[in-house]
Amino acid sequence: MPPRPDLAPDSGLERAEMEALQREIADAAVFEDDFAFDPSTLGDPLAAASSPDDPPIVAGVDQSFLTNAEGEQDRALSAVVAMRGGEVIERVHAVTPLEIPYIPGLLAFREGGPILEALEALSVDPDLLLFDGSGRIHFRQAGIATHIGVVRDVPAVGVAKSLLCGSPRGDLENLAEGTRVPIEANARVDAPDGTLLGYAVQTRQYDSPNRYINPLYVSPGHRVGPDTAADIVLALADSYKLPEPVRLADSYADEAKRGLEE
DNA sequence: GCGACAG
DNA sequence: ATCTTGTCGC
């Protein structure tokens with residue numbers, strides 16, 4: 001399938017048009033595995049080294065916001081960190097003016113501009129994109145990971161720190177490290193009830209009885225199925241809760257922001 | 001009308 | 001997202 005620049009998020013659209021565009025995105029999206037690389041070689045340098053091909057390139061994407069003299073957020077900065085075999089091979093960022101406020105369900109229209117610009121600036125081309133936000137776990141099954149994944153036609157996964165919609169199939173408190181709980185569609189989602197949208201994934205957990213770490217909410221963006229998406233996030237989250245490419249994009253977004261403010 | 005709501 | 005100290009636990 002071809003890239004779909006014609007479906008890029010446009011912050012100038014009416015709200016109803018944005019939602020209609022998201023339904024198109026969901027229709028064009030592929031919520032199952034459709035990629036050539038071996039996901040087991042993503043984070044592990046050893047597996048990567050013993051593989052016949054070049055290890056796949058994974059890129060993490062995250063945003064930060066810049067404030068003007070009046071103290072208002074007026075620009076969005078998107079940071080992309082590309083890794084191969086566990087090593088950072090490139091970092092790029094882009095800044096664009098902020099056009100619309102944050103509206104749950106319409107995140108891609110607020111942050112899509114700088115993200116697409118930053119991805120253009122990347123000299124390598126990623127085999128997989130990891131986003132800070134939802135993919136299929138979205139009212140219209142078209143979260144930011146799905147939207148950008150379809151526009152670029154690159155396999156993509158959504159990694160959110162809180163749940164936008166859908167219902168967990170079980171208790172999410174104090175899950176064991178390495179485990180997952182299905183998130184299925186409910187009445188708030190534009191999909192048949194019970195549709196598997198993604199997983200709550202526990203990448204890290206304390207061993208003490210008192211406190212516990214909340215899970216991540218992982219969902220397919222494009223060309224990745226829900227189980228593989230969870231496998232990938234678990235494989236990429238070694239020492240921290242967030243998968244490494246996203247964690248590094250997160251800190252790079254802050255670093256680049258500071259560089260522009262000082 | 002009321003509640004729910006990624007970053 | 002962003003603004004920040006203290007505090008818990010290893």
Side-chain angles (χ1 to χ4, degrees), chain A residues 9 11 15 18-19 22 25-26 60-68 70-80 93 95-115 118 129-149 156-168 172 174 177 183 185-190 197-201 204-222 229 233 239-243 246-247 249-258 260-261:
Chain A
S11 57
R15 182 168 180 146
M18 292 181 177
E19 296 179 355
Q22 290 183 325
I25 289 291
V61 184
D62 192 24
Q63 285 66 244
S64 62
F65 298 88
L66 300 177
T67 294
N68 62 21
E70 284 72 57
E72 285 140 0
Q73 289 184 342
D74 65 334
R75 290 154 292 163
L77 183 157
S78 181
V80 177
H93 69 272
V95 178
T96 68
L98 217 37
E99 313 280 14
I100 60 174
Y102 165 68
I103 300 167
L106 300 179
L107 188 66
F109 294 89
R110 174 172 162 91
E111 304 183 352
I115 292 176
L129 262 23
L130 248 46
F131 290 89
D132 62 309
S134 283
R136 195 181 187 182
I137 296 179
H138 179 275
F139 309 122
R140 289 163 296 278
Q141 305 186 79
I144 194 161
T146 304
H147 205 137
I148 305 298
V157 169
V159 181
K161 295 181 287 297
S162 58
L163 190 58
L164 176 61
C165 58
S167 43
L172 299 182
N174 210 3
E177 193 166 300
I183 303 294
N186 56 17
R188 298 165 56 199
V189 180
D190 197 346
L197 300 177
Y199 287 99
V201 177
R204 301 280 297 167
Q205 190 53 280
Y206 295 142
D207 42 28
S208 51
N210 325 1
R211 234 166 32 153
Y212 63 90
I213 299 175
N214 294 128
L216 292 173
Y217 300 93
V218 178
S219 58
H222 182 47
V233 168
S239 334
Y240 301 87
K241 171 174 172 172
L242 286 173
V246 174
R247 191 181 72 83
D250 188 280
S251 55
Y252 178 47
D254 277 334
E255 178 187 331
K257 172 190 176 178
R258 286 179 359 235
L260 293 177
E261 283 176 333

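Keep in mind it's a predicted model, so treat the numbers as computed, not measured. Below, read A as the first sequence line, B as the second, and so on, with proteins coming before strands; counting in each chain starts at 1.
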Closest approach of A/Phe65 and A/Ala76, non-hydrogen atoms and distance? CE2-CB, 3.8 Å

Extract, from 5' to 3' on DNA chain B, the first and final nucleotides lying under 4.0 angstrom from some heavy atom of chain A. B/dC5 to B/dG7

Have a look at A/Leu106 and say if it touches a base, only the backbone sugar-phosphate, or nothing, with a 4.0 Å heavy-atom cut-off. base

How close do A/Gly135 and A/Thr146 get, heavy atom to heavy atom, and via which atoms? C-OG1, 3.2 Å

For A/Tyr102, answer base if it contacts any base atom (sugar-phosphate contacts may also be present), sugar-phosphate if it contacts only those atoms, and nothing otherwise; contact means non-hydrogen atoms under 4.0 Å. base

So A/Ile144, base contact, sugar-phosphate only, or nothing? Heavy-atom distance under 4.0 Å. base

Toward the 5' end of DNA chain C, by each residue's nearest nucleotide, A/Lys257 or A/Arg211: A/Lys257

Dot-bracket notation for DNA chain B, counting Watson-Crick and G-U pairs under 3.5 Å, with | for partners on another strand: .......

Quick one: are A/Val61 and A/Ile148 in side-chain contact, heavy atoms under 4.5 Å? no

Non-hydrogen side-chain atoms of A/Arg110 and A/Gln63 separated by less than 4.5 Å: no

To the nearest angstrom, how far is A/Glu261 atom CD from C/dT2 atom C1'? 11 Å

Least distance between heavy atoms, A/Ala249 atom then A/Ala79 atom: O-CB, 3.6 Å

Relative to A/Phe109, does A/Arg15 satisfy both conditions: NZ or CZ under 6.0 angstrom from the six-membered ring centre, and within 45 degrees of the ring's axis? no

Measure the shortest side-chain to side-chain distance between A/Phe139 and A/Asp190 over non-hydrogen atoms and say whether it is less than 4.5 angstrom. no

Atom CG of A/Asn68 to atom P of C/dT2: distance rounded to whole Å? 15 Å

May I ask you to say what A/Ser162 touches in the nucleic acid, namely base, sugar-phosphate or nothing, with a heavy-atom cut-off under 4.0 Å? sugar-phosphate

Between A/Phe109 (CZ) and C/dA1 (P), how many Å, whole number? 21 Å

So which atom in A/Pro168 and which in A/Gly166 form the shortest heavy-atom distance, rounded to 0.1 Å? CD-O, 4.0 Å

Return the 5'-most residue of the pair A/Asp207, A/Asp254 with respect to DNA chain C, ranking by each residue's nearest nucleotide. A/Asp254

Search all heavy atoms of A/Ser219 against all heavy atoms of A/Leu197 and return the closest pair with its distance. CB-O, 3.4 Å

Would you say A/Leu98 and A/Arg75 make side-chain contact, with heavy atoms under 4.5 Å? no

Have a look at A/Ser64 and say if it touches a base, only the backbone sugar-phosphate, or nothing, with a 4.0 Å heavy-atom cut-off. sugar-phosphate

Annotated structure of DNA chain C as dot-bracket, pair cut-off 3.5 Å, Watson-Crick or G-U only, | for inter-strand, is ..........

Below 4.5 Å, heavy atoms only, C-beta onward: do A/Val95 and A/Leu66 meet side chain to side chain? yes

